[in-house]
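Following: one structure in structure tokens, then a few remarks.
For ligands, and for the atoms within them, numbers begin at 1 and follow the listed sequence. Just so we're clear, the structure is a prediction, and the values are computed from it rather than from any experiment.
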Amino acid sequence: MKPAKFDYVSPSTVDAAIEALVASNGEGKVLAGGQSLLPLLNFRMARPAVLVDLNGIEGLSYIENRGDRIAIGALTRHCDLEHSALIASKLPVMSAAMRHVAHLAIRNRGTIGGSLSHADPAAELPMLAAFYEAAITVQGPEGRRTIAPEEFFVDALTNCLEPEEIVVEIEFPIMEQDGWAFEEVARRFGDFALASIAISIRRGASGLEAARVAVMGVADTPLRLRQAERELVAMRIDEGTPDRFSGIIASQVSPNGDIHGSAEYRKHLLAQLAKRALRTALAMKD
Ligand code: FAD
């Protein structure tokens, strides 16, 4: 199918893009990589009166080391994150996850701002935002504000942005970690995840001092599992820990079933991935 008729504007600044959105009276849509929006237009599931193309705005694509965090411009492409040496050394879980995002052609165009805004519950970057406790900075007619992922992702394919707001930057704090892992299963490599987990651990004098756990594909938004983190830190570390952790993860998610997998299957899958991920993270100590 072809999209319904729309006007197209290509502003050269964020301010001009916001002006165009304001002028559209809620009928405008931002275009970034187009990898999710264009199919929606073609199926006429979205019918914006105006497309506001961000691709002509300079200075929205960057990966910057700010000491204790990495700042990423909203127009940064998935392939830039995938191949960045800075991301690999400072945000290794992100580096590992990016290979699972769709296919090469899509990674060449798709952007981090687009992926977060699209808010697919089985997409890697929203889950990474939850995992790293990213700060999502958006700009609108009233200026800038920074939003935490737990507020930003409201529901499946739904974010908390006002119609005239644009994601401009995402900051990812650098985590101190002694071990980490990212595990995902999709029906075919590059498809959206059926289930996925990211883990980071920090060792203490006895056992673990801190843990971070986020999952996706098992709820309407990506989930940070804080209770599982606390239970993991309280655990004795021995050969049985990954099995016990797997049970904890299974007890803390209630996935919905769909045509790709039943609720029971997704829960079982996630529990197996949790076991594998923790084993990998713990093995990094040696
Ligand atoms: P666009 O398609 O341009 O926009 C998406 C939405 O976000 C639109 O509503 C748009 O208005 C809004 N938007 C875009 N940028 C901004 C901004 N800066 N501020 C506010 N709103 C904005 N993704 C995965 O994560 N994992 C996968 O496995 C995966 N598989 C895919 C497989 C296929 C076949 C396809 C077509 C896509 C897949 N994707 C996957 C999605 C892909 O990663 C998209 O690139 C991404 O979801 C959207 O990014 P985009 O830059 O293309 O955004």
Side-chain angles (χ1 to χ4, degrees), residues 3 6 8-11 13-14 17-18 20-21 24 26-43 45-57 59-61 72-82 94 96-131 136-140 144-145 147 152-153 156-170 182 184-196 198 216-217 221-222 260:
F6 56 81
Y8 171 86
V9 292
S10 178
T13 64
V14 174
I18 292 166
L21 288 173
S24 75
E27 298 293 320
K29 267 268 174 218
V30 160
L31 172 68
Q35 300 303 297
S36 298
L37 182 56
L38 291 189
L40 290 176
L41 295 182
N42 286 342
F43 284 118
M45 292 164 76
R47 290 167 168 260
V50 186
L51 265 198
V52 181
D53 187 349
L54 300 185
N55 289 280
I57 302 177
L60 271 187
S61 175
I72 302 175
L75 215 54
T76 307
R77 312 278 167 190
H78 301 332
C79 59
D80 296 328
L81 300 175
E82 182 187 1
M94 177 182 288
M98 291 315 294
R99 277 171 244 139
H100 294 264
V101 177
H103 312 283
L104 189 58
I106 293 164
R107 294 200 295 274
N108 280 342
R109 290 301 301 165
T111 67
I112 184 169
S115 180
L116 297 190
S117 305
H118 191 59
D120 191 304
E124 286 77 6
L125 281 162
M127 189 252 225
L128 291 164
F131 177 71
I136 303 167
T137 298
V138 309
Q139 188 171 329
R144 288 190 172 202
R145 64 184 178 120
I147 307 170
F152 188 87
F153 301 111
L157 306 179
T158 309
N159 62 45
C160 74
L161 292 181
E162 297 297 331
E164 303 87 12
E165 283 183 319
I166 294 174
V167 176
V168 288
E169 181 182 271
I170 307 94
F182 177 85
E184 171 172 325
V185 167
R187 287 173 71 89
R188 294 167 306 185
F189 196 81
D191 281 1
F192 281 102
L194 284 171
S196 175
M216 68 169 173
T221 62
H260 303 297

Proximal atoms of ligand 1 relative to K29 (non-hydrogen, under 4.0 Å): 9 (O), 11 (O)
Heteroatom proximity flag, I106 to ligand 1, N/O under 3.5 Å: no
Distance-only N or O hit between ligand 1 and L31, under 3.5 Å: no
Atom 18 (N) of ligand 1 [closest protein heavy-atom partner, distance rounded to 0.1 Å]: V167 O, 3.1 Å
N or O pair under 3.5 Å between G34 and ligand 1: yes
Contact with ligand 1 for H78, non-hydrogen, under 4.0 angstrom: yes
Minimum-distance protein heavy atom relative to atom 26 (N) of ligand 1: E124 OE1, 2.7 Å
Sub-4.5 Å side-chain heavy-atom contact between H118 and L40: yes
From the candidates G73, A32, S117, the one that places a heavy atom nearest atom 7 (O) of ligand 1: S117
A102, A193, P48, A123: member with heavy atom nearest to atom 30 (N) of ligand 1: A102
Atoms of ligand 1 close to D191 [distance to a heavy atom under 4.0 angstrom, numbered from 1]: 28 (O)
For the student: nearest non-hydrogen atoms of L75 and T111, plus distance: O-CG2, 3.7 Å
Where G73 and I112 come nearest, the two heavy atoms and their spacing: O-CG2, 3.4 Å
Crowding at CZ, R145 (>12 non-hydrogen neighbours, <6.0 Å): yes
Residue L161 vicinity, atoms of ligand 1 by number, heavy atom under 4.0 Å: 20 (C)
Q35 neighbourhood, listing ligand 1 atoms whose heavy-atom distance to it stays under 4.0 Å: 2 (O), 36 (C), 44 (C), 45 (O), 52 (O)
E82 vs V101 side-chain heavy atoms within contact, under 4.5 Å: no
Per-residue contact class, V138 against ligand 1 - non-hydrogen pairs under 4.0 Å: neither
Test item: F182 and H100 side chains (from C-beta on) under 4.5 Å apart, heavy atoms: yes
Atom 2 (O) of ligand 1: the protein heavy-atom neighbour that sits closest, reported with distance to 0.1 Å: L37 N, 2.7 Å
N/O separation below 3.5 Å, E165 to ligand 1: no
For L51 against P48, the heavy-atom pair lying closest together: CD2-CG, 4.1 Å
Residue L54 vicinity, atoms of ligand 1 by number, heavy atom under 4.0 Å: 18 (N)
V138/E162 under side chain to side chain contact (heavy atoms under 4.5 Å, CB included): CA gap, chis, key distance, verdict: CA-CA 10 Å; V138 309; E162 297 297 331; over 6 Å; no
Min N/O separation R109 to ligand 1 under 3.5 Å: no
Nearest non-hydrogen protein atom, atom 23 (N) of ligand 1: F192 CE2, 3.4 Å
salt_bridge(R77, D80) N-O dist < 4.0 Å: no
Flag side-chain contact, heavy atom, 4.5 Å: I72 against M94: yes
Winner among V30, V168, D53 once heavy atoms are compared against atom 10 (C) of ligand 1: V30
Atom of L157, atom of P121 and distance for their closest heavy-atom approach: N-CD, 4.3 Å
Under 3.5 Å donor-acceptor, S117 side chain and G114 backbone: no
Pair H260 and F192, ring centroids less than 6.0 Å apart: no
Validation row: I18, I166 side chains within 4.5 angstrom (heavy atoms): yes
Side-chain heavy atoms of T76 within contact of L81, under 4.5 Å: yes
Heavy-atom nearest neighbour of atom 14 (C) of ligand 1 within options P126, G114, A74: G114
Shortest protein heavy-atom distance from atom 50 (P) of ligand 1, along with the residue and atom involved: G33 N, 3.5 Å
Side chains of E184 and M216 in contact at under 4.5 Å (non-hydrogen atoms): yes
Enumerated ligand 1 atoms positioned under 4.0 Å from heavy atoms of G110: 45 (O), 51 (O), 52 (O)
V101 touching ligand 1 at heavy-atom level, < 4.0 angstrom: yes
Atom 41 (C) of ligand 1: nearest protein contact (heavy atom, Å): S36 OG, 3.6 Å
Ligand 1-proximal atoms of L75, by part, heavy-atom distance under 4.0 Å: neither
Subset of ligand 1 atoms that lie under 4.0 Å from at least one heavy atom of H100: 28 (O)
Close approach of H103 to ligand 1, heavy atoms, under 4.0 angstrom: no
Distance-only N or O hit between ligand 1 and P39, under 3.5 Å: no
